[in-house]
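Remarks on the structure that follows.
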Number of protein chains: 2
Amino acid sequence: MKSPSHCTGTDDDQARQWDTREGCEVRQILDRVADKWSLLVIALLDRRTLRFTELRREIDGVSQRMLTVTLRQLERDGLVHRTVHPVVPPRVDYRLTPMGATLHHTIQALVAWTEDHQDKIAAARAEYDQREGEARSA
Amino acid sequence: MKSPSHCTGTDDDQARQWDTREGCEVRQILDRVADKWSLLVIALLDRRTLRFTELRREIDGVSQRMLTVTLRQLERDGLVHRTVHPVVPPRVDYRLTPMGATLHHTIQALVAWTEDHQDKIAAARAEYDQREGEARSA
DNA sequence: CGGCATCCCTGCTGATACTG
DNA sequence: CAGTATCAGCAGGGATGCCG
């Protein structure tokens, strides 16, 4: 691996400039966004502030452990803001930071692309699977 | 889970419209893109057609197994085209399909976002880690 | 309510060896 | 060269139980 912490390569290969697996910010952010739950959390929080339990209920399928872990990661990256209200019973609110909001906005482009192409992808898969099926039986 | 195969929710929650974990195209494509090697392969192939070994050498760190798996997935999704030349020794060329090229283009926005914000994220992390460190020692 | 600690299990990944 | 097949190791994630 070339650049441990930053991606600005002294490397002549431009593609390697922004991704050579580890130590690259792109990789880390991408992993965060593509995380099973992060994207959904971001999408939910973009709409409005939510409490822990509300998120848990909305997402439906997430374990409390993973929701906590996900929120901590997002908080650490400065994408989500966590507010603890010193009341009893405890109340913790989560909201997107401005940076988190811009990330969500950026992600929408990818979501839009997926929606535009999901039919073509499904078709490509079907075709591929059929080709492979024939190849095996032949 | 609500919509097994498609994401057009009858659900009133709009966020759930495009992601409720499984069965959603967005999730699958996102997983593909965020895959450890897929993004790099796409980036490399966007520049020019490459052979298997060339990709292997360029990526540096990928096992031949994972490169194969990655390429098969991308091929199945119709993002990469595979050309087998019936010669000896074998020669297999990989190139981006038009759809793959548009995906790469879309991804660039996310990469750009990451580059724009990586300093802020690093700062957020440092601040968070320090806060936590103090909290534990206090 | 919100969260952390523990245990455990699945599956992804890498290493290795073999084939057309 | 370009794979496929097999095996083993480890991390991710769920389930459970306990605290503030």
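Chain A is the first sequence line, chain B the second, and so forth, proteins listed ahead of strands; every chain is numbered from 1.
Rounded to an integer number of Å, the gap from B:Arg82 CZ to D:dC1 P is 16 Å. Straight-line distance from the CG atom of B:Asp93 to the C1' atom of D:dA2: 12 Å, rounded to whole Å. Protein atom NE2 of A:His85 is 16 Å distant from nucleotide atom C1' of C:dG3, rounded to whole Å.
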For nucleotides 8-13 of chain D, which of its nitrogen or oxygen atoms have a protein nitrogen or oxygen under 3.5 Å away, and what is each distance?
from	atom 1	to	atom 2	distance (Å)
D:dG13	N7	A:Arg65	NH2	3.1

N/O contacts under 3.5 Å, protein versus nucleotides 18-20 of chain C?
none

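Taking the side chain to side chain contact (heavy atoms under 4.5 Å, CB included) definition, one finds that A:Ala124 meets it with nothing, sequence neighbours left out. In this view, A:His81 satisfies the side chain to side chain donor-acceptor pair (under 3.5 Å) rule with no residue, not counting sequence neighbours. Residues passing the salt bridge (charged side-chain N to carboxylate O under 4.0 Å, His left out) test with B:Asp31 are B:Arg27, sequence neighbours excluded. Residues satisfying the salt bridge (charged side-chain N to carboxylate O under 4.0 Å, His left out) criterion with A:Arg91, sequence neighbours excluded, are A:Asp93. Every residue meeting the side chain to side chain contact (heavy atoms under 4.5 Å, CB included) condition with B:Val84, not counting sequence neighbours, appears here in chain and number order: B:Arg82, B:Val92. Not counting sequence neighbours, the partners of A:Arg32 by the salt bridge (charged side-chain N to carboxylate O under 4.0 Å, His left out) test are A:Asp77. With sequence neighbours left out, B:Arg76 forms a salt bridge (charged side-chain N to carboxylate O under 4.0 Å, His left out) with A:Asp129. Qualifying side chain to side chain contact (heavy atoms under 4.5 Å, CB included) partners for B:Glu127, counting only residues two or more places apart in sequence or in other chains: B:Arg131.
Heavy-atom distances under 4.0 Å link DNA chain C to A:Thr68, A:Arg72 of residues 67-77 of chain A, given in residue order.
Within the 4.0 Å cut-off from OP1 or OP2 of D:dC1, not a single side-chain nitrogen or oxygen of B:Tyr94 is found. Applying the 4.0 Å criterion to OP1 and OP2 of D:dG3, one finds that B:Arg51 has every side-chain N and O outside that range. Contact annotation: B:Arg57 does not reach the phosphate of D:dA2 (side-chain N/O to OP1 or OP2, under 4.0 Å).
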Would you tabulate the side-chain donor-acceptor contacts of residues 64-74 of chain B under 3.5 Å, counting partners in other chains and residues two or more places apart, or write 'none'?
from	atom 1	to	atom 2	distance (Å)
B:Thr68	OG1	B:Gln64	O	2.8
B:Thr70	OG1	B:Met66	O	2.7

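For the residue pair B:Leu45 and B:Tyr94, the shortest heavy atom distance occurs at CD2-O, 3.3 Å.
Summarising the geometry, atom CG belonging to A:Leu79 is positioned 9.5 Å from atom NZ belonging to B:Lys120; distances are rounded to the nearest 0.5 Å.
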